[in-house]
Amino acid sequence: QVQLVESGGGLVQAGGSLRLSCAASGLTFRLYDLGWFRQAPGKEREFVAVRRSGGISYYGDFVKGRFTISRDNAKNTGYLQMNSLNPDDTAVYYCAARTGSGPFGYSYYKAEAVYGYWGQGTQVTVSS
């Protein structure tokens, strides 16, 4: 059974940083693309970033160099380092995984539907 478990969320002041983790089990992690999405209250879920199994990364347009996605295949864990946080980053952050078929274009990896496995989410709140 595949499980993705996020951790590392919390309350942080504007300008601060957080590092989210996504611990994966039940799958051969190195063969999967790992994505991060977020959902703010009253808004649709939004693509944040993906780290492909082969190492290429893509980011949502709003990231603007503030976030870095990474993974440690030996630990079956993915990470999202978030810097220069602002209140607009307040959301529930989800990690997601998909089999590493491809490559496809950037727009493909932004779609929720291509990810078959999801975590339960971790809350990030940024105060002003």
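What's counted below: heavy atoms across the whole structure, side chains too, no hydrogens, waters or symmetry copies.
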*Which pairs pass ring-ring contact (aromatic ring centres under 6.0 Å, His included) with one or both residues in residues 43-70, sequence neighbours excluded?*
F37-F47, Y58-Y106, Y58-Y109

*asked:* Quick one: does any side-chain atom of Q81 pair with a main-chain N or O of T68 as donor and acceptor, under 3.5 Å?
replied: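 Checked: no pair found.
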
*asked:* Quick one: does any side-chain atom of R71 pair with a main-chain N or O of R51 as donor and acceptor, under 3.5 Å?
replied: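 A pair under 3.5 Å: yes.
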
Side-chain donor-acceptor pairs of residues 25-32 under 3.5 Å, sequence neighbours excluded:
none

Shared ILVMFWY cluster between [X] and [Y], side chains joined below 4.5 angstrom?
X: V12; Y: W36; answer: yes
X: M82; Y: V63; answer: yes
X: L85; Y: I69; answer: yes
X: L34; Y: Y93; answer: yes

_For the student: nearest non-hydrogen atoms of N86 and R66, plus distance_ = ND2-NH1, 3.4 Å

*Check: V114 and F104 side chains under 4.5 Å, non-hydrogen atoms*: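 No; the side chains remain at least 4.5 Å from each other.
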
Give every donor-acceptor pair under 3.5 Å between a side-chain atom in residues 16-24 and any protein atom, sequence neighbours left out.
from	atom 1	to	atom 2	distance (Å)
S17	OG	N83	OD1	2.9

Please table the atom pairs, donor to acceptor, closer than 3.5 Å between any side-chain atom in residues 121-128 and protein atoms at least two apart or in another chain.
from	atom 1	to	atom 2	distance (Å)
T122	OG1	G9	N	3.2
Q123	NE2	A91	O	3.4
Q123	NE2	T125	OG1	3.3

*asked:* Tell me every residue that passes side-chain hydrogen bond (donor to acceptor under 3.5 Å, both in side chains) with E46, counting only those two or more places apart in sequence or in another chain.
replied: R38

*Name all pairs fulfilling the side chain to side chain donor-acceptor pair (under 3.5 Å) condition that reach into residues 94-105, sequence neighbours left out, sorted by first residue then second.*
D33-R98, R98-S101, R98-Y108

